[in-house]
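Remarks on the structure that follows.
We number each residue from 1, following the sequence as shown.
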Amino acid sequence: MSEQLGSAPPWQVSQWFNTVKPLDLASLRGKVVVLEAFQMLCPGCVAHGLPQAARVRVTFPAERVAVVGLHTVFEHHAAMTPVALEAFLHEYRIDFPVGVDMPASEGPIPRTMRAYAMQGTPTLVLIDGEGRLRGQHFGQVADLALGARIASLLAESPVD
């Protein structure tokens, strides 16, 4: 997982699922944010990325680690609508907040995906409690490596 230290770009989301109010990085300040960028028709996302995000959610305390999904559609736009996503989230029992990445004004790459220079899905993004981008990885990340990285970020800002 590559280490980065700049401010994480804001999310550009058109719709949210599994949350009563829209999320942004400012509202999550103080927490380590695990952002799982996915497409529901991406085999790696369904087999690895989303189940891993769900495991992170139950492993780490919600008051210290926020798990957020980003449905970032750069292909098969007609098949991956918000209505289809809602059914997908229900069927796969995804209960953490999921935002729908805003489509680009030009081209197939959605806005948040472009802002983070993601190569595809699944992409795992780690943001520290100060809102800094601390890691980004395209493809699979081993559970132990991810858990150690999250624990390291948590250790940087101990509980008061």
Side-chain angles (χ1 to χ4, degrees), residues 1-4 6 8-20 22-25 27-28 31-60 62 65-128 131-150 153:
M1 178 167 292
S2 64
E3 171 77 19
Q4 302 168 22
W11 301 332
Q12 298 178 59
V13 171
S14 60
Q15 184 175 354
W16 284 96
F17 293 93
N18 301 332
T19 181
V20 292
L23 298 178
D24 59 25
L25 290 170
S27 69
L28 298 172
K31 294 183 180 188
V32 171
V33 178
V34 178
L35 179 69
E36 180 67 38
F38 73 99
Q39 294 185 100
M40 64 182 157
L41 295 181
C42 161
C45 300
V46 173
H48 182 76
L50 291 169
Q52 182 177 59
R55 289 190 301 274
V56 168
R57 183 152 194 243
V58 299
T59 301
F60 291 94
V65 176
V67 175
V68 179
L70 179 70
H71 191 240
T72 184
V73 178
F74 58 90
E75 59 189 353
H76 309 299
H77 293 86
M80 291 192 276
T81 64
V83 170
L85 176 61
E86 185 172 29
F88 172 87
L89 296 173
H90 174 76
E91 289 299 317
Y92 282 86
R93 294 180 174 86
I94 306 294
D95 61 357
F96 51 82
V98 173
V100 177
D101 201 354
M102 280 189 165
S105 51
E106 292 182 18
I109 307 301
R111 294 179 187 186
T112 307
M113 183 180 205
R114 183 179 307 276
Y116 281 77
M118 293 179 193
Q119 299 174 322
T121 56
T123 293
L124 180 76
V125 177
L126 292 177
I127 300 166
D128 69 16
R132 295 176 302 211
L133 185 59
R134 296 297 297 273
Q136 185 167 311
H137 185 82
F138 170 56
Q140 295 186 12
V141 177
D143 282 355
L144 283 175
L146 177 58
R149 189 74 182 104
I150 293 169
L153 293 174

**Report entry** Donor-acceptor pair, side chain of Ser27 and main chain of Leu23, under 3.5 angstrom
**Finding:** no
Requested in this report: Spell out, as yes or no, whether a donor-acceptor pair under 3.5 Å connects the side chain of His71 to the backbone of Val98.
Outcome: no
Query raised in the report: For the atom pair CG (Leu146) and CD (Gln140), what is the distance rounded to the nearest 0.5 Å?
Result: 12.5 Å
Report task. Identify the heavy atoms of Cys45 and Pro51 that sit nearest to each other, and give their distance. Result -> O-CD, 3.7 Å
Query - Val58 side chain near Phe96 side chain, heavy-atom distance below 4.5 Å - result: no
Query raised in the report: What pair of heavy atoms forms the shortest contact from Pro110 to Asp101, and how long is it?
Result: CB-OD2, 3.2 Å
**Report entry** Flag, side chain of His48 to backbone of Val141, donor-acceptor distance under 3.5 Å
**Finding:** yes
Report task. With rounding to the nearest 0.5 Å, note down the distance linking CD in Gln52 to CZ in Arg57. Result -> 15.5 Å
**Report entry** Shortest non-hydrogen contact between Pro97 and Val67, atoms and distance
**Finding:** CD-O, 3.5 Å
Query raised in the report: Relative to the ring of Phe38, is the ring of Phe88 parallel (under 30°), tilted (30 to 60°) or perpendicular (over 60°)?
Result: parallel
Requested in this report: Could you tell me the separation between the CG atom of Leu28 and the CH2 atom of Trp11, rounded to the nearest 0.5 Å?
Outcome: 5.0 Å
Query raised in the report: Are Leu70 and Val13 side-chain neighbours, meaning at least one heavy-atom pair lies under 4.5 Å?
Result: yes
Report summary line: Correct closest heavy-atom pair for Glu36 and Gly49 would be OE2-CA, 3.4 Å
Query - Nearest heavy-atom neighbours spanning Asn18 and Ile94 - result: ND2-O, 2.9 Å
Report summary line: Taken to the nearest 0.5 Å, the spacing of Leu50 CG from Arg55 CZ works out to 10.5 Å
Query raised in the report: Going from CZ on Arg132 to CD1 on Ile127, what distance comes out if it is rounded to the nearest 0.5 angstrom?
Result: 12.0 Å
Report task. Give, for atom CD of Gln15 and atom CD of Glu86, the distance between the pair rounded to the nearest 0.5 Å. Result -> 7.5 Å
Query raised in the report: Do Leu35 and Leu124 come close enough that some side-chain heavy atom pair is under 4.5 Å?
Result: no
**Report entry** Check: Thr112 side chain, Gln12 main-chain N or O, donor-acceptor pair, under 3.5 Å
**Finding:** yes
Query raised in the report: For the residue pair Lys31 and Ala66, what are the closest heavy atoms and their distance?
Result: CD-CB, 4.1 Å
**Report entry** Main-chain N/O of Val32 paired to Arg134 side chain as donor or acceptor, under 3.5 Å
**Finding:** no
Query raised in the report: Within the side chain of Gln136, is there an N or O that forms a donor-acceptor pair under 3.5 Å with the backbone of Tyr116?
Result: yes
